[in-house]
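Here's the structure, in structure tokens; my notes come after.
Chain naming here is simple, since letters A, B, ... match the order of the sequence lines and numbering starts at 1 in each.
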2 protein chains.
Amino acid sequence: MSETSYHHGDLRAALLCEAEAELTEHGVERFSLRGVAKRAGVSHAAPAHHFGDKTGLLTALAAIGFERFLAAQKRREALAPDDPAERLVASGLGYIDYAMANPALFRLMFASKWVAEEDPTLCEVASAAFTHLADAVSAVTGPEPMEASTGQTVLVGAWAVVHGLADLMLTGRPKALMSLDDAEREAMIRAIVSKFV
Amino acid sequence: MSETSYHHGDLRAALLCEAEAELTEHGVERFSLRGVAKRAGVSHAAPAHHFGDKTGLLTALAAIGFERFLAAQKRREALAPDDPAERLVASGLGYIDYAMANPALFRLMFASKWVAEEDPTLCEVASAAFTHLADAVSAVTGPEPMEASTGQTVLVGAWAVVHGLADLMLTGRPKALMSLDDAEREAMIRAIVSKFV
DNA sequence: CCTCTTTCTTGACAGTGTAAAGATCACGTA
DNA sequence: TACGTGATCTTTACACTGTCAAGAAAGAGG
């Protein structure tokens, strides 16, 4: 496919790629659909054909984000010793890894009204990520934990600490944590998350 | 001051009030400066004189938000028994109360690039809220806890669970928590936060 | 070669934030 | 009382945004 051809070849994928660049550079607040089109070297209305509107593009991008999000958790787990509690903590570290590496995308996924939550493919990848977390928890709390109130408590609690750490760290808080170097920081996060499992 | 006079009287306060209405109605994503001016019955460029730009107005609004945020925590504490741990948990419940009651404002305060973090009055009210949390923690962990690594861990951990719960609940997650009625939900939150203190 | 469909462009429109310049009022001073 | 000075608000303008409708270009299949 020629570079100067009228038809792009795989504009949809290219737009998603440029959209991520636009997002990480300007944040959701300053994200511009026309800016994405300009990056891709295409007319300002081209994205509409593939994604409908701004929400459509950002929803598709968020779905990709959830896939990578799950992959980041699995990546950490693969490095952990073969122990349920260790693996759960590792999963949480992957959660935080991803947030720190992709701040704007993480915020888009979890706290933006620019994504259509009812989108079917988004729902699928998002719930895949969440059930994976639930599985990691049930591997710790026992065989039939999700019925028991204590199993639910561990699930919700573990999710909340990890998510809270991730979200706070994105704004440089808490200073007590962010002023540490990488090794100390990870140790502190481990200590906090371990309190739950 | 007449209602039809050229000069408004206290436009600054009125704009802040209408800005909150605009925020809760449309969210940060659809917040419009001209919309605020229209609500106040004033020309579209009037806000600029009092707040400079959109960031200025939203920063001032976030500062007000932090004051109420601290008040919401103190309100819960006043209802708690005179025990450090009980008061810390109550403070966390106030944290979550506020987030649920003012979703858009909470998100503005903690996760929006529309506020100027370096704004002096914002810094003041924000750090006032955070040091209040730190005080509640140190009332539990002992007299000189912030030096010890364990005191830091409790502080960061407690903050993270509460903040994580608040942020997740704003998007209806986790379902295991949001499907409960108010009493059950509060009991679960208490159980989770109590694990930390 | 000729249609049909997908893909992309062009042009237009209402709405946005922001800057500059002008109008209006309040208030202290002579 | 008159004046003028500064604060307050309006008007006008500009570049930019998302979205829609209509048209042009290219590929696919007969």
### Query
Nearest-Å distance, CZ (B/Phe51) to C1' (D/dT8)?
14 Å
### Message
So, using salt bridge (Lys or Arg N to Asp or Glu O under 4.0 Å) as the criterion, who are the partners of B/Glu86 when residues are at least two apart?
### Response
none
### Query
Taking NE2 from B/His49 and C1' from C/dC25, how many angstroms apart are they, rounded to a whole number?
13 Å
#### Entry: Nearest-nucleotide pick for B/Val42, side chain only, options being C/dT18, D/dT10, C/dT9
D/dT10
### Residue whose nearest DNA chain C nucleotide is more 5′ - A/Arg30 or A/Ala46
A/Ala46
List, with names and distances, any nitrogen or oxygen atoms from the protein found under 3.5 Å away from nitrogen or oxygen atoms belonging to nucleotides 13-17 of chain D.
from	atom 1	to	atom 2	distance (Å)
D/dT17	OP1	A/Ser32	OG	3.2

### Task
Give, for atom CD of B/Glu184 and atom CD of A/Gln152, the distance between the pair rounded to the nearest 0.5 Å.
11.0 Å
## Note on the structure
Sorted by chain and number, sequence neighbours left out, side chain to side chain donor-acceptor pair (under 3.5 Å) with B/Ser32 holds for none
### Atom-to-atom span, CZ of B/Arg12 to P of D/dA7 - whole angstrom
15 Å
#### Entry: Between P of C/dT18 and CG of B/Leu57, the distance in whole Å
10 Å
### Query
Listed by chain and number, what are the salt bridge (Lys or Arg N to Asp or Glu O under 4.0 Å) partners of B/Arg87, not counting sequence neighbours?
B/Glu77
### Query
Tell me: CG of A/Leu11 to C1' of C/dT9, nearest whole Å?
12 Å
### Query
Between B/His50 and A/Ala45, who's closer to the 5' end of DNA chain D by nearest nucleotide?
B/His50
### Summary
Separation of C/dG17 atom C1' from A/His26 atom NE2, nearest Å, is 16 Å
#### Entry: Partners passing side chain to side chain donor-acceptor pair (under 3.5 Å) against B/Arg190 (at least two apart in sequence or in another chain)
B/Glu186
### Query
Taking only residues two or more places apart in sequence, or in another chain, which ones meet A/Thr131 in a side chain to side chain contact (heavy atoms under 4.5 Å, CB included)?
none
